[in-house]
Amino acid sequence: MKNDEVESTAKLAIIILAAGKGTRLKSSRPKVLHEIGGKTLLAHVIASAAQVVAPADIYAVVGHQAEKVMAAVASSGIRFIEQTTQRGTGHAIQCAREAIAGYENILVLSGDAPLIQARTLSALWSFHQAQQAAMTLTSAEPADPTGYGRVIHPAGSVEVTAIVEQKMLSPGQLSLREVNMGLYAFKTAPLLSHLDKLTSNNPHAELYLTDMAQVLNESGERVVAFRAADADELLGANTIAEMMALDSSLRLATARRMMASGVTIFRPETCVIDAAVEVAPDTVIEPFVQLLGATRIGSDCRIRSYSVIENCTLGNDVLIRQSCVLSDSTVASGANIGPFAHLRPGCEIGEDVHIGNFVEAKKAKLRKGVKAGHLTYLGDAEVGDGTNIGAGVITCNYDGVNKHITRIGKDAFIGSDSTLVAPVSVGDGAYIGAGSCITKDVEAGSLAVARAHQIGKQGWASTRRARMNAKKDPPADRG
Ligand code: UD1
Ligand code: CA
């Protein structure tokens, strides 16, 4: 946010309506805490508002599960107004009366319209000032106007005489296509002096903020409509299906932004990419990939299908093969992982490390060039440069009560199917014979073999087989 923008709008507050229950969602979670694009609806709206005014000039009206809603966005630094009973959008503004009295103008946003962009808020604000209006509502003609309030104009005029809610439309008004998108600018003085004229004379017995259009107009105040260029950006979500439609358009916008910056995304409509994810140019993302949370991916990487990467940082030139799950870990440049590998939180995967199929790691620090190609569990482990971990190796990190660390030096060789019972360490360059159960520290440069000795009995198997066959098939019965 530019500081000069904040100063020039110091007399402007932004009110976000977020007290409603969201009855149409049929969910016990408050509507504004549902998530799209990996973030709550309210967090999206706050992020855009905070690009226009300082957080201290943003007020969220909260009511339904107010504590939960406030806690969820507390870190944003915005302020809150309580609307203890939800008696409509007009009543929500009545509850904000004291807070807004100190501002010359306010913008009113809906907490359930999360795609709103800061540039649209700025455009509305400029239009409202230029029009010298008491109320400026934002209107658009979405593909389907059903459910929205309709805007009533004198023919050809920017001025508005009223907003009529869907349930109040007369048969003649049903064909009206210009709708109220629920985003407004108000001059505070006329709003406050006429706010008590709202009545609950409607099917929901609520106080509608939309009725302020007619109230102000009839009081001789100027009410105008600001035509939004892009109706999609202002769409609200009243049902889960509508929310998921917003989710996919938001994710598609994220994918488009990445593609415009040089990232290749095959079948972007199949990928789930959160808004905060960053990917550098020349990385290729295959279909059905999920990139979540604060994930950052370098350049020239390839993320193959069905991998889910959450809160991870990947360097350059990293290959993640199919169906890997990576969480809260870092992967340095040149590493290649998978298919079917699982990095649980706390892994630090070094440069050029190879992690193969069916390998699980948790809090594992694998230094440069480590190879763990197949069927391995590395938990609470540190492995030095260039060490080779054979197929089926397991670090036994848990004794039933506590977790312990396994330390393996550099250039060591851990034979297949060995178990390393932590706490235990293996020195640089040491060899562990395949199938060993290592319970004591292994010195650098040494060999440790911890398994039963093999015995050999010459001819034993052929003698036995001949005896068994003779019993099973006596010669007379043959044929
Ligand atoms: C509202 C408008 C409608 C417009 C549509 C755009 C009214 C009466 N109608 O309808 O003209 O076309 O938005 O999306 O305003 N809220 C409160 N306190 C309340 C009631 C609601 O804070 O007492 C909040 C809700 O949490 C929500 C917002 O206000 O974030 C809008 O309320 P909602 O019930 O979704 O209004 P719509 O029916 O969508
Ligand atoms: Ca709504």
Side-chain angles (χ1 to χ4, degrees), residues 14-25 27 29-34 40-46 49 59-66 68-70 73 80-96 99 107-116 135 137-142 144-152 160 162-169 173 176-184 186 195 198-215 223 225 228 231-243 245-246:
I14 293 183
I15 315 297
I16 302 172
L17 302 183
K21 179 164 185 268
T23 312
R24 288 161 282 185
L25 287 183
S27 159
R29 203 168 356 139
K31 188 203 293 196
V32 294
L33 294 190
H34 278 257
T40 64
L41 301 187
L42 185 54
H44 282 286
V45 178
I46 292 173
Y59 298 81
V61 180
V62 294
H64 178 70
Q65 297 192 28
K68 230 178 175 176
V69 175
M70 290 191 284
V73 297
F80 300 98
I81 293 158
E82 281 213 56
Q83 182 194 18
T84 36
T85 52
Q86 289 78 59
R87 295 177 45 220
T89 47
H91 177 247
I93 295 298
Q94 289 180 346
C95 294
L107 302 184
V108 178
L109 281 57
S110 265
D112 66 353
L115 304 186
I116 185 72
M135 173 178 183
L137 61 95
T138 311
S139 75
E141 291 192 14
D144 179 10
T146 314
Y148 288 92
R150 306 301 203 284
V151 180
I152 314 293
V160 172
I163 301 169
V164 183
E165 291 302 305
Q166 174 81 33
K167 287 198 174 157
M168 314 273 277
L169 291 172
Q173 290 170 326
L176 292 172
R177 304 204 60 87
E178 186 182 350
V179 308
N180 163 38
M181 299 308 292
L183 167 64
Y184 319 86
F186 288 96
L195 195 54
L198 289 178
T199 64
S200 54
N201 196 6
N202 55 58
H204 290 122
E206 288 187 345
L207 298 174
Y208 287 166
L209 183 59
T210 45
D211 286 346
M212 283 311 294
Q214 191 171 348
V215 167
V223 180
D232 289 351
E233 182 193 320
L234 295 156
L235 292 177
N238 293 323
T239 63
I240 302 261
E242 285 170 359
M243 210 172 314
L246 299 187

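Every heavy atom of this structure was used, including side-chain atoms; hydrogens, water molecules and symmetry mates were not. Read the numbers this way: they start at 1 and go in the same order the structure lists the ligands and their atoms.
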For [X], atoms of ligand 1 separated by under 4.0 Å from a heavy atom:
X: Lys31; result: 35 (O)
X: Gly111; result: 30 (O)
X: Arg87; result: 23 (O)
X: Thr89; result: 7 (C), 8 (C), 15 (O), 20 (C), 21 (C), 29 (O), 31 (C), 32 (O)
X: Met181; result: 6 (C), 14 (O)

Stepwise side chain to side chain contact (heavy atoms under 4.5 Å, CB included) check, Glu82 with Val62: CA-CA 5 Å; Glu82 281 213 56; Val62 294; 4.2 Å; yes
Is any side-chain heavy atom of [Y] closer than 4.5 Å to one of [X]?
X: Met168; Y: Gln173; value: no
X: Met181; Y: Leu235; value: yes
X: Leu207; Y: Ile93; value: no
X: Leu41; Y: Met243; value: yes
X: Lys31; Y: Asn238; value: yes
X: Leu115; Y: Asp232; value: no

Is there at least one pair of N or O atoms, one from [X] and one from ligand 1, spaced under 3.5 Å apart?
X: Tyr208; answer: no
X: Ser110; answer: no
X: Gly236; answer: no
X: Thr210; answer: no
X: Gly149; answer: yes
X: Asn180; answer: yes
X: Tyr148; answer: no

Check [X] against ligand 1 and report side chain, backbone, both or neither, counting heavy atoms closer than 4.0 Å.
X: Ala113; answer: neither
X: Asn238; answer: side chain
X: Gln83; answer: side chain
X: His91; answer: neither

Distance (rounded to the nearest 0.5 Å) between [X] [atom1] and [Y] [atom2]:
X: Leu209; Y: Gln94; atom1: CG; atom2: CD; answer: 9.5 Å
X: Ile116; Y: Thr138; atom1: CD1; atom2: OG1; answer: 7.0 Å
X: His44; Y: Leu246; atom1: NE2; atom2: CG; answer: 9.5 Å
X: Leu137; Y: Phe186; atom1: CG; atom2: CZ; answer: 8.5 Å
X: Leu25; Y: His34; atom1: CG; atom2: NE2; answer: 5.0 Å

From the candidates Ala213, Gly182, Ala140, the one that places a heavy atom nearest atom 13 (O) of ligand 1: Gly182
Closest candidate by heavy atom, reference atom 19 (C) of ligand 1, pool Ala19, Gly88, Ser139: Gly88
Heavy atom of the protein closest to atom 25 (C) of ligand 1 (residue, atom name, distance): Gly20 N, 3.8 Å
Between His91 and Gln83: side-chain donor-acceptor atoms closer than 3.5 Å: yes
Crowding at CG, Asn201 (>12 non-hydrogen neighbours, <6.0 Å): no
Any Arg24 heavy atom less than 4.0 Å to ligand 1: yes
Partner of Tyr184 by side-chain contact (heavy atoms from CB on, under 4.5 Å), out of Val108, Leu109, Thr89: Val108
Criterion side-chain contact (heavy atoms from CB on, under 4.5 Å) against Pro145, the qualifying member of Gln166, Glu178, Arg177: Arg177
Heavy atom of protein inside 4.0 Å of atom 31 (C) of ligand 1, strictly below: yes
Proximal protein heteroatoms (N, O or S) of the Ca ion (ligand 2), under 3.0 Å: Asp112 OD2, Asn238 OD1
